[in-house]
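In each ligand, atom 1 is the first atom listed, and ligand 1 is the first ligand listed. Heavy atoms only: backbone and side chains are in, while hydrogens, waters and symmetry mates are out. Positions are given from 1, in the same order as the sequence printed here.
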Amino acid sequence: MQDEEGSGVRLLRDRKGRIARKLRVSVTDRCNFACLFCMPEKDKISWIPTEEILSFDEIERIVAVLASLGVQKVRITGGEPLLRRDLDELVSGLTGVPGIRSVDMTTNGWHLERKAEALRKAGLRGVTVSLHSLRSDRFAKISGVDALPRVLRGIDRALDAGLNPVKINSVAIRGYNDDEILDLIEYARERRISIRFIEFMPLDGLGMWNYDRVVPGKEIIDTVAGVYPLEARGRGSSETSSIWRFKDGRGDLGLITPMSDPFCDDCDRIRLTADGKLLSCLFDTDYHDLRHIVRNGGTEEGLADTILEAVWKKPDGVGYMPWIKDGWAKPRNMNAIGG
Ligand code: SAM
């Protein structure tokens, strides 16, 4: 059922006909920040024990199998991926996997100043840096660390190092930073880099999510369009963001709207957690344990069969889970998934 007609190549097709082409690999659940919409109680969290975390070799082996099943793009994430020592070695290993066309990373930016150059040399294509406020006190309140100047230096360093694209991710939360949307956009425009606003999702550790705290994408566009002339570019097939280009040519704005306008029907993403579980959806409640196979003499064929079966059962997505807005028993926080 998952064979491509005539070609004999098996692809990661699910029940709805969606084909997975992009992989997010979480390399650790740990983070040195404590963002209130992600995993705010850093000191109370029991991290995944080190021995349960996949080694770089194990990640590369799983990615090679995924690539043989059609995965083309990898994004490294976490937790905070740059807390993993020698991450450039993983980048270089992954860029060498046949079939993988690009390796990018999402980071909080703390270690970027020091590591951007080595990452680019290792083959990292681009980096997305999370930046939710440009006010030091507020940045510290949201992320739990007084780190704004260092993160901004990290973004500049990433640009200097030639990482491309460099993008900004901002989670807009009503009452916390929704009055900074224009400031964040101006910051990005000055550097001609893309900025993406992500709607707050109910995957937070504090349980503070409710729909009133979500700033819908439409509201952001209404705010921005009053100041900057915009041209709608739409959402490319299987992309997460709807793109709006600034008519003066100074970059673009993306809106990621899983809550107000979900885009699950052409989702092509799957996730590998730091402890080797395959998740076919951010909102997947099933565990598909690949580490067990890798560490117990499983073959590439066995891995491929388990992966194909897991992806086949991919949930329809958050767009088909309206009850989520009234609260749900989320199985894990964002830091343990790899956003
Ligand atoms: N530590 C890295 C970082 O800060 O970017 C990578 C991991 S973080 C989980 C990946 C992305 O998920 C970040 O852009 C973060 O802002 C976003 N994120 C975390 N929790 C979220 C939530 N509840 N809703 C929406 N986005 C969230």
message: Below a 4.0 angstrom heavy-atom separation, can you tell me which part of Asn108, side chain or backbone, both or neither, approaches ligand 1?
response: both
query: Looking at ligand 1, does Gly109 have a heavy atom less than 4.0 Å from it?
result: no
message: Counting only heavy atoms closer than 4.0 Å, does ligand 1 sit against the backbone of Val171, its side chain, both, or neither?
response: side chain
message: Tell me which one of Asp179, Ile185, Leu184 satisfies side-chain contact (heavy atoms from CB on, under 4.5 Å) with Ile181.
response: Ile185
message: At less than 4.0 angstrom from any non-hydrogen atom of Met201, what atoms of ligand 1 do you find?
response: 22 (C), 23 (N), 24 (N), 25 (C)
- request: Answer yes or no on whether Lys16 is positioned over the face of Tyr320, meaning its NZ or CZ is under 6.0 Å from the six-membered ring centre and within 45° of the axis.
  value: yes
query: Is the count of non-hydrogen atoms from other residues, nucleotides or ligands lying under 6.0 Å from Arg101 atom CZ greater than 12?
result: no
- request: Kindly identify the option in Gly78, Gly79, Ser170 whose heavy atom sits closest to atom 1 (N) of ligand 1.
  value: Gly79
message: Could you identify the single nearest non-hydrogen protein atom to atom 22 (C) of ligand 1 and state the distance to 0.1 Å?
response: Phe37 O, 3.6 Å
Trp244 atom CH2, over 12 foreign heavy atoms within 6.0 Å: no
- request: Please name the residue in the list Asp146, Val151, Leu134 that meets the side-chain contact (heavy atoms from CB on, under 4.5 Å) test with Phe139.
  value: Val151
- request: State whether the shortest distance between N or O atoms of Glu80 and N or O atoms of ligand 1 falls below 3.5 angstrom.
  value: yes
Any side-chain donor near an acceptor of the partner, Asp252 and Ser194, under 3.5 Å: yes
- request: Return the option from Glu199, Met259, Arg30, Met105 holding the heavy atom at the smallest distance from atom 25 (C) of ligand 1.
  value: Glu199
message: Among Val171, Ile198, Leu203, which residue satisfies the side-chain contact (heavy atoms from CB on, under 4.5 Å) criterion with Phe37?
response: Val171
task: Return the minimal non-hydrogen interatomic distance between Ile142 and Ser133, and the atom names on each side.
output: CD1-CB, 4.3 Å
- prompt: If you measure from each non-hydrogen atom of His132 to ligand 1, which part falls under 4.0 Å: side chain, backbone, both or neither?
  reply: side chain
- prompt: Tyr228: what forms a ring-ring contact (aromatic ring centres under 6.0 Å, His included) with it, not counting sequence neighbours?
  reply: Phe246
- request: Indicate yes or no: does an N/O atom of Asn169 lie under 3.5 Å from an N/O atom of ligand 1?
  value: yes
message: Heavy-atom distances under 4.0 Å decide this one: backbone, side chain, both or neither, for Thr128 against ligand 1?
response: neither
message: Please check this pair: side chain of Arg245 against backbone of Leu230, looking for a donor-acceptor N/O pair closer than 3.5 Å.
response: no
field: atom 3 (C) of ligand 1: the protein heavy-atom neighbour that sits closest, reported with distance to 0.1 Å
entry: Ser130 OG, 3.3 Å
- prompt: Counting from 1, what ligand 1 atoms have a heavy atom of Thr77 closer than 4.0 Å?
  reply: 6 (C), 7 (C)
message: Is there a polar contact between ligand 1 and Cys31, counting only N or O atoms under 3.5 Å apart?
response: no
query: Near Met334, which atoms of ligand 1 are under 4.0 Å from a heavy atom of that residue?
result: 9 (C), 12 (O), 18 (N), 19 (C), 20 (N), 21 (C), 27 (C)
